[in-house]
Visitor: 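I am attaching a structure below and will ask some questions about it afterwards.
Protein chains get the first letters and strands the later ones, always in sequence-line order, with residue 1 at the start of each. Heavy atoms only: backbone and side chains are in, while hydrogens, waters and symmetry mates are out.
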Protein chains: 2
Amino acid sequence: MSRSASIKDVANHARVAVGTVSNVLNYPDRVSQRTKDRVLQAIDELGFVRNDAARQLRAGHSRTIGLIVLDVGNPFFTSVVRAAEDAAALQGSAVLLGDSGHDASRESNYIDLFQEQRVQGLLISPVGDVTDRLDLLRERGVPTVLVDRLADESKYSSVSVDDDAGGYLAARHLLDIGRRRLAYVGGPTSIRQVADRLQGAQRAVAEVREASLEVLDSSGQTVLAGRDVGNQLVRRSADDLPDGVFCANDLLALGMMQSLTMMHRLRIPEDIALIGYDDIDFAVSAVVPLSSIRQPTEALGRTAIELLADEVDAMAAVSARPQHRAVIFTPELVVRQSTAG
Amino acid sequence: MSRSASIKDVANHARVAVGTVSNVLNYPDRVSQRTKDRVLQAIDELGFVRNDAARQLRAGHSRTIGLIVLDVGNPFFTSVVRAAEDAAALQGSAVLLGDSGHDASRESNYIDLFQEQRVQGLLISPVGDVTDRLDLLRERGVPTVLVDRLADESKYSSVSVDDDAGGYLAARHLLDIGRRRLAYVGGPTSIRQVADRLQGAQRAVAEVREASLEVLDSSGQTVLAGRDVGNQLVRRSADDLPDGVFCANDLLALGMMQSLTMMHRLRIPEDIALIGYDDIDFAVSAVVPLSSIRQPTEALGRTAIELLADEVDAMAAVSARPQHRAVIFTPELVVRQSTAG
DNA sequence: TCGTAACAATGAAACGATTCAAGGAATCGG
DNA sequence: CCGATTCCTTGAATCGTTTCATTGTTACGA
């Protein structure tokens with residue numbers, strides 16, 4: 001186990017100055033072919049690998065970007081993370097990933113850690129109220145982009161998805177295939193996403209005469225909660241039933257599908273058309289493939305990185321006041337058998 | 001946007017030497033209460049945050065551990081990652097996460113990156129043949145622990161789960177509840193996991209007279225593949241059917257469950273008892289809650305970190321030859337309604 | 001042949017934290 | 001009151017890289 005080689009060792013071995021080795025690494029054009037070859041050979045022979053800590057120390061900042069998400073287990077975030085990593089790699093940065101798990105203290109720990117690492121910038125889906133900390137970070141030259149949360153453009157850049165539009169899209173689709181007695185199934189409306197999607201659905205329903213929207217409260221956003229609501233529906237008399245149901249997420253929709261089809265009293269989509277939200281992997285392989293609303297997670301992750309890069313540039317340019325942008329994406333309708341015909 | 005404060009700034013502000021500030025940070029006991037207070041106040045007033053790059057540079061190594069997994073989207077790995085992060089945090093290290101996505105070149109990029117970062121050690125679920133690179137890393141003082149792969153103990157430490165035992169557990173359970181005509185559903189046996197689980201199942205069946213095991217090949221490991229196999233089963237005559245089915249993973253089992261229950265010809269568990277593997281979140285909320293084999297992902301992640309810590313210590317102690325250990329975990333049976341009675 | 005570019009290579013200084021030998025101050029026993 | 005001991009504090013040296021002013025070399029036109 002030998003101490004790993006430094007740039008100095010390489011310089012000695014190749015019989016050049018350390019500055020030359022550095023130039024080979026960073027500005028190959030400044031070095032003659034002959035010297036470059038010698039240096040590269042020395043690097044190879046010694047198995048030299050740059051020490052990033054030293055590089056950072058000199059540069060004053062790292063080539064990494066901090067990303068804090070609410071839950072890496074959630075496919076929505078996994079997909080955002082992947083896109084962000086790819087986009088960052090393209091511009092030569094790496095992503096440090098932190099999972100706050102909806103816990104404000106873990107979130108805070110990650111912010112500390114990232115600050116010690118002198119990350120170039122921070123992408124975050126905040127749990128707690130972190131605006132004070134983010135303001136401080138910005139003062140220190142570390143810009144932030146909020147992810148999956150709409151921000152006041154005068155303060156931060158952000159990327160988010162328009163849940164109201166998504167709700168509209170889902171309800172509009174049910175109306176388009178001829179359904180008029182709609183129902184919205186969603187957990188507590190205190191959750192912003194749930195409320196926004198409902199609002200969009202109401203907007204769509206208001207556009208069509210003789211269409212109605214019933215709101216069914218669910219105890220949560222899980223398969224089991226969906227099954228509960230479904231079991232209540234099944235007990236109703238036929239003329240009291242909705243003919244189109246929009247669930248606030250796919251888990252709810254899948255639970256509901258289970259209770260409706262299990263009893264074999266109601267057929268999907270003939271008796272009740274069903275649409276969910278999120279387009280999780282299981283949607284396509286449900287008993288009846290589930291229509292859903294897909295969120296552009298790749299674009300979300302990619303754009304977050306791009307906005308951050310803009311902010312980094314803006315901070316570097318002493319002149320300009322940083323200009324923030326709030327990018328709002330529009331979700332997309334995915335039609336499958338559960339709303340066919 | 002002010003340059004962030006250094007330890008020197010803090011020292012000036014508190015009217016002490018830089019060494020003293022460092023001591024406050026690292027060896028608080030060496031410093032008198034009075035001085036400590038002054039320094040802490042200065043730190044607070046200036047909003048000083050340690051520059052980790054400088055610390056690393058001096059220390060020669062970082063306080064981070066590299067972790068490369070095959071797919072962060074896979075719940076198995078997400079869970080391992082979370083456990084590893086928690087365990088690392090306990091010992092004061094942070095985890096850098098890389099997702100190779102089963103791609104050898106991405107894997108290689110992450111190894112490069114982690115090497116530049118001078119990680120303390122590396123946890124990896126390898127895609128390609130990386131033994132050469134790992135050997136090189138070890139020579140440089142960076143130990144590796146293989147994750148979810150059994151390693152030759154003379155070369156590496158590793159943590160893995162005994163798939164043979166898991167297969168045995170599943171089949172044994174079906175036999176215990178009185179089933180005798182078993183079937184194993186699994187994709188190509190070229191996948192080690194699939195083959196090992198089958199082998200374990202065969203071992204259990206061999207222990208019981210008049211018990212038989214039929215192997216049904218599936219086209220993959222997905223819900224759809226499971227449904228296909230299920231549809232073939234449904235067409236069989238009653239006396240030609242298995243009464244207990246073990247699927248190589250939960251997705252297959254869920255697909256099979258769909259096709260069996262959809263037709264309403266066969267009841268689970270009365271006609272066919274069904275058990276999967278992995279215990280994914282959806283298992284518990286299936287139409288008929290699915291029995292499964294759970295892998296101790298938390299223990300896997302935690303132990304990987306512990307083994308790595310051992311290796312790090314061993315490398316630091318110049319004397320001893322590092323001792324590798326291959327820890328093999330035993331999976332656990334989770335009984336639910338799909339194999340009740 | 002000389003002067004001037006253009007191009008290459010050099011090596012000291014700087015980044016910010018930690019370490020450690022050395023010095024200073026306070027305390028205690030005799 | 002002295003010497004020994006303990007306890008604090010100091011600040012220069014160090015880690016490995018990048019930067020940049022300086023020096024050295026070559027080539028070219030006049």
Visitor: Check the distance between D:dT10's C1' and B:I7's CD1 and give it to me in whole angstrom.
Guide: 13 Å
Visitor: Pick the closest DNA chain D nucleotide for A:F48 and for B:T35 by heavy atoms, then say which residue is nearer the 5' end.
Guide: B:T35
Visitor: Which angle, rounded to 10°, do you find between the first-five-pair axis and the last-five-pair axis of the helix from C:dT1-D:dA30 to C:dG30-D:dC1?
Guide: 50°
Visitor: Could you tell me the separation between the CG atom of A:L46 and the C1' atom of D:dG16, rounded to a whole number of Å?
Guide: 15 Å
Visitor: Rounded to whole Å, how long is the line connecting atom CG of B:N12 with atom C1' of D:dT10?
Guide: 14 Å
Visitor: Under a 4.0 Å threshold between the charged nitrogen and the carboxylate oxygen, would B:R133 count as salt-bridged to B:D112?
Guide: yes
Visitor: Check this for me: does any side-chain nitrogen of one of A:D152 and A:K155 sit under 4.0 Å from a carboxylate oxygen of the other?
Guide: no
Visitor: With no hydrogens and no angle check, do the side chains of A:S93 and A:Q120 hold a donor and an acceptor under 3.5 Å apart?
Guide: yes
Visitor: Figure out the CG/P separation between B:D29 and D:dT9, and round it to whole Å.
Guide: 13 Å
Visitor: Decide yes or no, distance alone: a donor-acceptor N/O pair under 3.5 angstrom between the base of D:dT17 and the side-chain of A:R58.
Guide: no
Visitor: Which part of the nucleic acid does B:S6 contact within heavy-atom distance under 4.0 Å: base, sugar-phosphate only, or nothing?
Guide: sugar-phosphate
Visitor: For the CG atom of B:L96 and the CG atom of B:L122, what is their distance to the nearest 0.5 Å?
Guide: 10.0 Å
Visitor: In whole Å, what is the span from the CG atom of A:D52 to the C1' atom of D:dT18?
Guide: 13 Å
Visitor: Can you check the A:Q56 CD to D:dT17 C1' distance for me, whole Å?
Guide: 11 Å
Visitor: Mind checking if B:S32 touches a base, just sugar-phosphate, or nothing, with heavy atoms under 4.0 Å?
Guide: sugar-phosphate
Visitor: With a cut-off of less than 4.0 Å, is there a side-chain N or O of B:T20 near OP1 or OP2 of D:dT10?
Guide: yes
Visitor: Apply side chain to side chain contact (heavy atoms under 4.5 Å, CB included) to residues B:M315 and B:R138 and explain how you reach the verdict.
Guide: CA-CA 9 Å; B:M315 306 221 81; B:R138 202 203 351 253; 4.0 Å; yes
Visitor: Reading DNA chain C in the 5' to 3' direction, which nucleotide is the first one with an atom under 4.0 Å from a heavy atom of chain B, and which is the last?
Guide: C:dG16 to C:dT19
Visitor: Is it the case that A:Q41 and A:H13 place a side-chain donor and acceptor less than 3.5 Å from each other?
Guide: no
Visitor: Between B:D71 and A:R82, is there a side-chain N and carboxylate O pair less than 4.0 Å apart?
Guide: yes
Visitor: Using heavy atoms to find the nearest nucleotide of DNA chain C for B:A53 and B:Y27 separately, return the residue whose nucleotide is more 5′.
Guide: B:A53
Visitor: What is the distance from CG of A:N26 to P of D:dT19, rounded to the nearest Å?
Guide: 6 Å
Visitor: Look at all strands and tell whether A:V31 reaches a base, only sugar-phosphate, or nothing, counting heavy atoms closer than 4.0 Å.
Guide: sugar-phosphate
Visitor: Does a salt bridge link A:R106 with A:D99, judged by any charged N lying under 4.0 Å from a carboxylate O?
Guide: no
Visitor: Is the shortest distance from a Lys or Arg side-chain nitrogen in A:D86 or A:R302 to a carboxylate oxygen in the other one below 4.0 Å?
Guide: no
Visitor: Base, sugar-phosphate alone, or nothing: which one does A:V21 contact when heavy atoms must sit under 4.0 Å apart?
Guide: nothing
Visitor: Nearest nucleotide by nearest heavy atom, which residue falls closer to the 5' end of DNA chain C, B:L57 or B:G19?
Guide: B:L57
Visitor: To the nearest Å, give me how far apart CD (B:Q117) and P (D:dT17) are.
Guide: 14 Å
Visitor: Looking only at side chains, do B:S105 and B:S108 share a donor and an acceptor under 3.5 Å apart?
Guide: no
